[in-house]
Amino acid sequence: MGDKFQLIHDVSPGTTGWTVKVVVAEKFSPKVAQRSPTKYQNLTLMDSEGSTVQATLYGQNITAFQDELLLGKTYLISNALVKETNAEYKAKSGEIQWTISGRTRIRRVEENNSNLLISTYSFTDFEDLPKYMDSNLDISVIGMIIDIKPRRIIQTRFGKECQVQDLVLVNKRKKLILIGKHLKVTSFNGLSISTKADSSFFIDGEFELVEEFKSWGHTNSEIIDNMISEKHYLTSTPSKLSSKLSVPTAEKDFTEIKNIQGLKTAKQFFWIKGKASVKVLNQTYWYMSCNNCNKISSENYGDIYPCVFCKCTDAKAIPRAKVYMQLTDPTGYINATAIGNPAEYFLQSNAEILMNQTLIPTAASMRLSMDEDEIFYVKAITQELSTDCKFEILFIVNPSQIAGDKNTGKAPVEHIGEPIKFLEPTTKRSLFHSDTDDAQSSKKKT
DNA sequence: CCCCCCCC
């Protein structure tokens, strides 16, 4: 690994303009937070000196980056959100954590740093594993996986559901162990196993097979040979254990087709008549976005890039307006966000101007409050385990525009709102995309 | 749709 980049220790909260070259040393399974519905995924990143930092992905970023940050691969990373871990969670405060999101720039580097990774592990013999049962210690083993069972749900002692997936491993001396895949630890090229109170071994995360183990997969040991020859592995996403599965060979392994439960949506929509105003002047009124899916981008304005979110190969980075404001009517107020067109309409500005604006805005540079009532179409998202909703303004209608409009039931907001369902697709599309529809759809196919 | 944050 080169040395023209910063090291993990060089990056603190507030450090700007840094780039660190790292290897993805561990990749844990995505999990659901205990006290909120948030999904998160932890990674361990290692620099050239073997220092590590915990990196975390949240929500939709988990799937967006699943093929972007591969176990054992090397990357240049910049512009991650760097902060100290919450003292509430960590005994020792001051530990650094990176949050990886859409604005984090990640560049793959074609370097093989697996020796660096392997040098940081010591492997435990299968024979010694019983010693570690119930110890809650993390240890590493090295072996070959010869069977992967379907995932199943178990209840933990604390009443929480978690997924378990059993694996059968064999070591060089053909000794077999059964391992449940569980919420715990992973390592590179070996499997890091944690022993839990119910006396099974658990692993977590992703791993790779070491070449030398692949080569002794076909041995003359009867039972192992049998298992290997009978099993077919689905390996559509080789780096991801959960996508690998042994195809069952016995009738009892097949399940009858049953319930698919729909997820209840918490979204609610409202019409509100009132006034909007910016209360927090010092905010960012734009973000760099993908012109295809509107999601955040780490690229520079105008650059063509492959979008990790929509997978569009020739996405263009363009600014998109956003504003956090307060919505009031005679009965009260809510805070709400507007993005894209409603933000531009409210601010009486556009994304490019907002992007180039360096000073905190004044009423001269943009509209910060409304003189007259306007009509807002607001989406509320109820937050589980939280009393407050988040609100978003989907579009804004000036009452003068609908005065005398006989076409009731349709919002005459063509140049104000974002495209919404009850506008004709042909009319709304042309308003917000400079490209033709054909260009849009051909991009999505790639 | 999109932003922010977000966990042990």
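Throughout, protein chains are lettered first and strands after them, A, B, ... in sequence-line order, and every chain is numbered starting at 1.
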(request) Look at the rings of A/Tyr40 and A/Tyr58 and say which category their plane angle falls in: under 30° parallel, 30 to 60° tilted, over 60° perpendicular. (result) tilted

(request) May I ask you to verify whether the side chain of A/Lys390 and the base of B/dC4 hold a donor-acceptor pair under 3.5 Å? (result) yes

(request) Specify the residues of residues 55-65 of chain A, ordered by number, for which at least one heavy atom lies under 4.0 angstrom from an atom of DNA chain B. (result) A/Thr56, A/Tyr58, A/Gln60

(message) OP1 or OP2 of B/dC1 versus the side-chain N and O atoms of A/Lys295: is any pair under 4.0 Å?
(response) no

(message) Quick one about A/Gln6 and A/Lys21 (side-chain donor to acceptor, distance below 3.5 Å, no hydrogens or angles considered), yes or no?
(response) no

(request) Return the orientation label for the A/Tyr377 and A/Phe395 ring planes: parallel under 30°, perpendicular over 60°, tilted otherwise. (result) tilted

(message) Using OP1 and OP2 only, check whether a side-chain N or O of A/Lys83 sits under 4.0 Å from B/dC5.
(response) no

(request) Take atom CD1 of A/Ile318 and atom C1' of B/dC1, then tell me their distance rounded to the nearest Å. (result) 14 Å

(request) Give the rounded distance in Å between these two atoms: CZ of A/Phe346 and P of B/dC3. (result) 21 Å

(request) For A/Leu43 and B/dC8, give me the distance from atom CG to atom P, rounded to whole Å. (result) 17 Å

(message) Checking contacts here: which listed nucleotide (B/dC5, B/dC3, B/dC1) is nearest the side-chain heavy atoms of A/Ile339?
(response) B/dC3

(message) Whole angstroms only, please: what is the CG-P distance between A/Leu81 and B/dC5?
(response) 6 Å

(message) Is there a side-chain contact between A/Met366 and A/Phe346 in this structure, where contact means two heavy atoms from C-beta onward sitting under 4.5 Å apart?
(response) no

(message) From CG of A/Leu354 over to C1' of B/dC3, roughly how many Å is that when rounded to an integer?
(response) 13 Å

(message) What's the closest nucleotide to the side chain of A/Thr85 if the choices are B/dC1, B/dC8, B/dC3?
(response) B/dC8

(message) Any donor-acceptor pair under 3.5 Å linking the side-chain atoms of A/Thr56 with those of A/Asn42?
(response) yes

(request) Applying side-chain contact (heavy atoms from CB on, under 4.5 Å), name anything that partners A/Arg107, two or more places apart in sequence or on another chain. (result) A/Leu76, A/Arg105, A/Glu299

(message) From OH of A/Tyr287 over to P of B/dC1, roughly how many Å is that when rounded to an integer?
(response) 12 Å

(request) Take the protein atom CG of A/Asn294 and the nucleotide atom P of B/dC4, then report the distance between them rounded to whole Å. (result) 13 Å

(request) Nearest whole angstrom, please: distance from the P of B/dC3 to the CD1 of A/Ile296. (result) 7 Å

(message) Any non-hydrogen side-chain atom of A/Leu69 less than 4.5 Å from a side-chain atom of A/Ile106?
(response) yes

(message) Using OP1 and OP2 only, check whether a side-chain N or O of A/Arg103 sits under 4.0 Å from B/dC4.
(response) yes

